[in-house]
Amino acid sequence: MKIKSAVFLKSVTKLSDCPGSGAHDFAFIGRSNVGKSSLINALVNRKQLAKTSGKPGKTQTINFFLINDKWHLVDLPGYGWAGVSKEKKIEWIAFVRDYLQNRIDLYCLFILIDIRHKPQAIDLEFINWSGENRIPFALVFTKADKISKNKVDQAISVYRKRLKEDWEILPEIFVTSAVNRTGKEEILKYIETINSF
Ligand code: GTP
Ligand code: MG
């Protein structure tokens, strides 16, 4: 798919403030600093459409971008910021949960995971929560440029094995790098396919 236009629409902190045009949402979530905003920029070939930062917790609102006048990329705040206690588990801002559970236009939630780390409880809990809530999701491993191809394959197979403990059918999995654009075409193609239904 060719990206002809990408414009910032609005930032919201309430479900009722989300755009009501009926355009499909493709949203990005994951731990703070995993690379959500960077991946969105890579997908649309723009350096700072979505604001990125070296410091975790940069994105704190739900940010809508209109792509090709037709569909939305949605940048979400990360979960698992420092200061959130373990007992609280999936304790992140109520409006994000409200968006995820009740947004009718959410066609795919891309759950981002840093490829360098072993399966982490917080991500696994979030994946399971998404499944239980029947949210359509895909997994996206980020920062693949930081390790070798061998290590990438190894990490994916460890993750698959771990997921199989909880799930019979595994979700779609993408390997990406915002630095060298790995996985970009695959994700755009996936979005295009979903949009064509
Ligand atoms: P929050 O909005 O704070 O939740 O973070 P985020 O998930 O949006 O992460 P962001 O895109 O701001 O990136 C965090 C840091 O990781 C920045 O310093 C990015 O430059 C870096 N980064 C993101 N993606 C990649 C990647 O694919 N490769 C490398 N090497 N660095 C990346
Ligand atoms: Mg961000």
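All ligand and atom numbering here is 1-based and tracks the order in the structure.
- With 3.5 Å as the limit, one finds no donor-acceptor pair spanning the side chains of Lys10 and Asn63.
- Looking only at side-chain heavy atoms (C-beta outward), Ile62 and Ser11 stay at 4.5 Å or farther from each other.
- Contact of the Phe174 side chain with the Tyr190 side chain is registered, since non-hydrogen atoms from C-beta on lie closer than 4.5 Å.
- Close approach of ligand 1 to Gly78 (heavy-atom distance below 4.0 Å) involves ligand atoms 4 (O).
- Around CZ of Arg160, the count of heavy atoms belonging to other residues, nucleotides or ligands within 6.0 Å does not exceed 12.
- Of the candidates Asn33, Asp145, Asp114, Asn33 brings a heavy atom nearest to atom 14 (C) of ligand 1.
- Looking only at side-chain heavy atoms (C-beta outward), Phe28 and Val74 stay at 4.5 Å or farther from each other.
- The salt bridge (charged side-chain N to carboxylate O under 4.0 Å, His left out) search around Arg103 returns Asp25, Asp105, not counting sequence neighbours.
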Original post:
Can you check side-chain contact (heavy atoms from CB on, under 4.5 Å) on Val44 and Phe65, steps first, answer last?
Top reply: CA-CA 10 Å; Val44 298; Phe65 303 94; over 6 Å; no
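- Those atoms of ligand 1 with a heavy atom of Ser38 less than 4.0 angstrom away are 10 (P), 11 (O), 13 (O), 19 (C), 23 (C), 24 (N).
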**OP:** Give the C-alpha distance, both sets of side-chain angles, the deciding distance and a yes or no for ring-ring contact (aromatic ring centres under 6.0 Å, His included) between Phe110 and Phe137.
**Re:** CA-CA 6 Å; Phe110 291 102; Phe137 71 90; over 10 Å; no
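- Taking every heavy atom of Ser37 and a limit of under 4.0 angstrom, the matching atoms of ligand 1 come to 8 (O), 11 (O).
- Numbered from 1 in the order shown, with element, the atoms of ligand 1 that lie under 4.0 Å from a heavy atom of Val34 read 7 (O).
- Within the 3.5 Å criterion, the main-chain N or O of Gly183 finds no donor-acceptor partner in the side chain of Glu185.
- Two residues are said to be in side-chain contact when any heavy atoms from C-beta on lie closer than 4.5 Å; Met1 and Asn68 meet this criterion.
- Around the Mg ion (ligand 2), the protein contributes the following N, O or S atoms at distances under 2.8 Å: Ser37 OG, Thr59 OG1.
- Atoms of ligand 1 lying under 4.0 Å from at least one heavy atom of Ser177, given by number and element, are 27 (O).
- Checked by distance only, ligand 1 and Ala144 stay at 3.5 Å or farther apart across all their nitrogen or oxygen atoms.
- For the pair Asp114/Arg31, no side-chain contact is recorded, criterion being any heavy-atom separation below 4.5 Å from C-beta on.
- Taking only nitrogen or oxygen atoms, main chain and side chain alike, Lys36 reaches within less than 3.5 Å of ligand 1.
- Heavy atoms from both the backbone and the side chain of Ser32 come within less than 4.0 Å of ligand 1.
- Of all atoms in ligand 1, numbered sequentially from 1 with element shown, those under 4.0 Å from a heavy atom of Val179 are 26 (C), 27 (O), 28 (N), 29 (C), 30 (N).
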